[in-house]
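For reference, the structure is listed below as structure tokens.
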Amino acid sequence: MDILSSIMYTLVGAIIGGLLGFYFTKKRFEKQLKENPPINEKMIRAMFLQMGRKPSEAQIRQIMKSVNQNR
């Protein structure tokens, strides 16, 4: 009976640890995405200007649409 209880405690601890790890990792990942968004319209404009081009609003919307579709 002693072996069975130690196995049960180990399984319960592993499950609780896994759930807590998942929760905190998810929260940290969401915080990182909020603080550092992957790409936005301002970044696209800056890239175009670095290439020496003046982007139109249609080009910027098209690029944003394709980026959002690939997410």
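Because only heavy atoms are used, hydrogens play no part in the values below, and waters and symmetry mates are left out as well, while side chains stay in.
- Other residues, nucleotides and ligands place no more than 12 heavy atoms under 6.0 Å from the CE atom of Met8.
- Rounded to the nearest 0.5 angstrom, Ile7 CD1 and Asp2 CG are separated by 10.0 Å.
- The distance from the CE atom of Met43 to the CE atom of Met64 is 10.0 Å, given to the nearest 0.5 Å.
- Residues satisfying the side-chain hydrogen bond (donor to acceptor under 3.5 Å, both in side chains) criterion with Arg61, sequence neighbours excluded, are absent altogether.
- Looking only at side-chain heavy atoms (C-beta outward), Arg53 and Met47 stay at 4.5 Å or farther from each other.
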Taking only distance into account, with no hydrogens and no angle test, what donor-acceptor pairs under 3.5 Å do side-chain atoms of residues 11-39 form with protein atoms, sequence neighbours excluded?
unit_1	atom_1	unit_2	atom_2	d
Thr25	OG1	Gly21	O	2.6
Gln32	OE1	Asn36	ND2	3.4

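- Hydrophobic cluster membership is shared by Ile60 and Val67, with clusters built from Ile, Leu, Val, Met, Phe, Trp and Tyr side chains linked at under 4.5 angstrom.
- Residue Gln59 places its CD atom among more than 12 non-hydrogen atoms of other residues, nucleotides or ligands, all under 6.0 Å distant.
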